[in-house]
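The residues of the chain are indexed from 1 along the displayed sequence. Since the model is a prediction, treat every value here as computed from it, not as a measurement.
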Amino acid sequence: MKTLARLARLACLALCWPLAAAAQDAVPLPCPQADSACLFKALHAHPARKLAAWEKLLAEPLVERIVPAPPTLLEYLAWDNAANGYPNRPRRAAPSRVFAAEMTAALAELPREVQLLFANRLAGIALVEDLGGTGYTDVIIDAAGQPVAGYVVLDAGVLERFTANQWVTWKERTPFQPDADWQLDARIEDDARDNRRQAIQYILLHELGHVLSIGRDVHPPWTVQPKEGGPDAAYPFFGLSWRTEGNAYVSHFDDAFTVRRQVSYYFGAKLAGDRMAEAYRQLAKTNFPTLYAAAHPGDDFAESFASYVHVVLMQRPWEIVVRRGGHDEVVFKSCWDEERCRAKRTLLEAIVGKP
């Protein structure tokens, strides 16, 4: 009965939140769009980053912290997209009852030990449309300016369109330009579980990985420049794959993993389609669990967390198949039982727990 009550409450929030998306006005910017320094300064001081804006939602049970994005957060997201040069202007989502129920179920189905990690750390999950990506996570600071929690933004418009395997296949194809001779297919669920709820769950796991990193020593904060993150030795997980050189993060594997610097998800493929097999063969010689993990230290931890929970704790499949002319060229699977990922698995077990 408690679960049904929670689903009904979320459905009401999704359907009855004031001001439907179609009625929203454009969000004014605090500075000219070309003045990125002014925009970033405004973002730093924005109330959406402050704990006071989230305290009420943070007091709710974890599965009741899923809401359509409030106006304050929509303003922050619009400013952030403008500052980073993204054309998208997020608007409030108004998901259906079915979608709202799937969101709650995706969170409620996570292992209990995983949910407990976020009881005091995940302030909320806000739903938008036209985010400019599938998900977004940001830091919440307390009155003293210390990072204490995080929130997640998910694009309901994207999530509504895909089953789990459709979504992961679409995502993993985005770094590569279309090529009629080459095909990539990805699988994170068996046929019986290949549905929208499981897509939501995996996407949510990645964003929860970012939340989990806030205030921890797994990698330098994404809110500072690399040169300002402190000594590499302070971040054990980071040190397994990365080092800081000047004001940039460099992978330990870059000499052999030559495609890494060209890996770009969502916003314009930089790799030719005929380099799919090469990319995954090179990836298999590193300790990155996925190609997306190799993009940035923050995504390395988030992808590792998501993959570990999904594959090891929840016993779900994870596989990439690259084909040429209908023939398998590369089959890339989860690395958690391989020696190359053993050190990362050990650190994840210490944070998340063993199966």
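In this structure, Tyr235 contributes its side chain and Gly229 its backbone to a donor-acceptor pair below 3.5 Å. Using modelled atom types, no side-chain atom of Arg92 and backbone atom of Pro68 make a donor-acceptor pair closer than 3.5 Å. Put simply, the side chain of Arg91 never gets that close to the backbone of Asp130: no donor and acceptor are under 3.5 Å apart. The main-chain N or O of Gly157 is found under 3.5 Å from a side-chain atom of Arg161 such that the two form a donor-acceptor pair. The main-chain N or O of Ile188 is found under 3.5 Å from a side-chain atom of Asn165 such that the two form a donor-acceptor pair. Under the 3.5 Å distance criterion, the side-chain polar atoms of Asp232 are left unmatched by any main-chain donor or acceptor of Gly239. Side-chain N or O atoms of Asn287 include one that pairs as donor or acceptor with a backbone N or O of Leu240 at under 3.5 Å. Using modelled atom types, no side-chain atom of Ser36 and backbone atom of Ala83 make a donor-acceptor pair closer than 3.5 Å. Panel note: side chain Arg65, backbone Leu122; a donor-acceptor pair is recorded below 3.5 Å. Put simply, the side chain of Gln282 gets close to the backbone of Thr258: a donor and an acceptor are under 3.5 Å apart.
When all heavy atoms of Leu313 and Lys354 are compared, the pair lying nearest together is CD2-C, 4.0 Å. Scanning all heavy atoms of the two residues, the minimum distance from Pro90 to Leu74 falls at O-CD2, 3.9 Å. Closest of all the heavy-atom pairs between Val139 and Pro147 is CG1-CB, 3.6 Å. Residues Leu271 and Arg275 approach most closely at CD2-NH1, 3.9 Å, considering heavy atoms. Across Val331 and Lys333, no two heavy atoms sit closer than the pair CG1-CE, 3.8 Å. Taking both residues in full, the closest heavy atoms of Gln115 and Leu110 are given as NE2-O, 2.9 Å, listed atom of the first, atom of the second, then distance.
A heavy-atom distance below 4.5 Å is found between the side chains of Trp170 and Thr134. Side-chain contact between Leu159 and Phe99 is present, with heavy atoms from C-beta onward closer than 4.5 Å. Ser241 places a side-chain heavy atom less than 4.5 Å from the side chain of Lys344. Val27 is not listed as a side-chain neighbour of Arg89, based on a closest heavy-atom distance of 4.5 Å or more. You'll find the side chain of Thr286 stays beyond 4.5 Å of the side chain of Ser251, heavy atoms only. At least one side-chain heavy atom of Trp79 sits under 4.5 Å from a side-chain heavy atom of His46. Phe118 is not listed as a side-chain neighbour of Val152, based on a closest heavy-atom distance of 4.5 Å or more. Residues Ile125 and Glu207 are not in side-chain contact: their nearest non-hydrogen atoms beyond the backbone lie 4.5 Å or more apart.
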**Asked** Checking side-chain contact (heavy atoms from CB on, under 4.5 Å) for the pair Ile351/Val218: CA distance, chi angles, key distance, verdict?
**Response** CA-CA 10 Å; Ile351 295 171; Val218 291; 3.9 Å; yes
**Phe288 and Phe257: CA distance, side-chain angles, deciding distance, side-chain contact (heavy atoms from CB on, under 4.5 Å) verdict** = CA-CA 11 Å; Phe288 294 118; Phe257 190 14; 3.9 Å; yes
**Pair Trp222-Ile214, side-chain contact (heavy atoms from CB on, under 4.5 Å): steps then yes or no** = CA-CA 9 Å; Trp222 70 77; Ile214 295 169; 3.8 Å; yes
**Request:** For side-chain contact (heavy atoms from CB on, under 4.5 Å), just list the numbers for Arg324 and His327, CA-CA rounded to whole Å, side-chain angles, deciding distance to a tenth of an Å, and then say yes or no.
**Result:** CA-CA 5 Å; Arg324 183 183 185 187; His327 300 286; 5.9 Å; no
**Item:** Intermediate values then yes/no, salt bridge (charged side-chain N to carboxylate O under 4.0 Å, His left out), Arg196 and Glu160
**Value:** CA-CA 7 Å; Arg196 186 169 63 183; Glu160 287 180 332; 5.1 Å; no
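Note that the CZ atom of Arg342 and the SG atom of Cys335 stand 11.0 Å from one another [nearest 0.5 Å]. Residue Leu107 holds its CG atom at 11.0 Å from CD of Glu64, rounded to the nearest 0.5 Å. Atom OG1 of Thr104 sits about 11.0 Å away from atom CZ of Arg197, to the nearest 0.5 Å. Rounded to the nearest 0.5 angstrom, Ser304 OG and His206 NE2 are separated by 10.0 Å. For the atom pair Glu303 CD and Leu205 CG, the distance stands at 10.5 Å (nearest 0.5 Å). A distance of 9.0 Å separates OG in Ser213 from CZ in Arg216, rounded to the nearest 0.5 Å.
Ring centroids of Phe237 and His219 are separated by 6.0 Å or more, keeping the two rings apart. Residues His310 and Trp318 keep their aromatic ring centres 6.0 Å or farther apart.
Using a 30° and 60° split on the angle between ring planes, Phe305 and Phe301 fall in the parallel class, below 30°. A perpendicular orientation is assigned to the rings of Tyr151 and Tyr76, their planes being inclined by more than 60° (bins at 30° and 60°). Aromatic ring pairs are classed by plane angle as parallel below 30°, tilted from 30° to 60° and perpendicular above 60°; the pair Trp242 and Tyr249 is perpendicular.
Checking Asp138 against His210 by side-chain atom types alone, no donor-acceptor pair falls below 3.5 Å. One side chain, Glu172 or Tyr265, offers a donor N or O that lies under 3.5 Å from an acceptor on the other.
In this structure, Asp181 places its CG atom where more than 12 heavy-atom neighbours from other residues, nucleotides or ligands lie under 6.0 Å away. Residue Asp179 qualifies as enclosed at atom CG: its count of foreign heavy atoms under 6.0 Å is above 12.
There is a path of hydrophobic side-chain contacts, each under 4.5 Å, that joins Ile140 to Phe40. Residues Ile141 and Leu58 are members of separate hydrophobic clusters, defined by side-chain heavy-atom contacts under 4.5 angstrom among Ile, Leu, Val, Met, Phe, Trp and Tyr. Hydrophobic clustering of Ile, Leu, Val, Met, Phe, Trp and Tyr side chains at less than 4.5 Å, counting indirect connections, keeps Val321 apart from Phe176. The cluster map of Ile, Leu, Val, Met, Phe, Trp and Tyr, joined by side-chain heavy atoms under 4.5 Å apart, puts Val352 and Met314 in the same cluster. Hydrophobic clustering (ILVMFWY, side-chain heavy atoms < 4.5 Å, transitive): Met276 and Tyr266 are in one cluster.
The residues Arg345 and Asp337 are annotated as salt-bridged, a charged nitrogen and a carboxylate oxygen being separated by less than 4.0 angstrom. Under 4.0 Å is where a charged nitrogen must lie from a carboxylate oxygen, and between Arg281 and Glu278 no such pair does. By the 4.0 Å N-to-carboxylate-O rule, Arg173 lies close enough to Asp185 to be salt-bridged with it.
Here the options are Leu131, Leu204, Thr137, Val128, the test is side chain to side chain contact (heavy atoms under 4.5 Å, CB included), and the partner is Leu154; only Leu204 passes.
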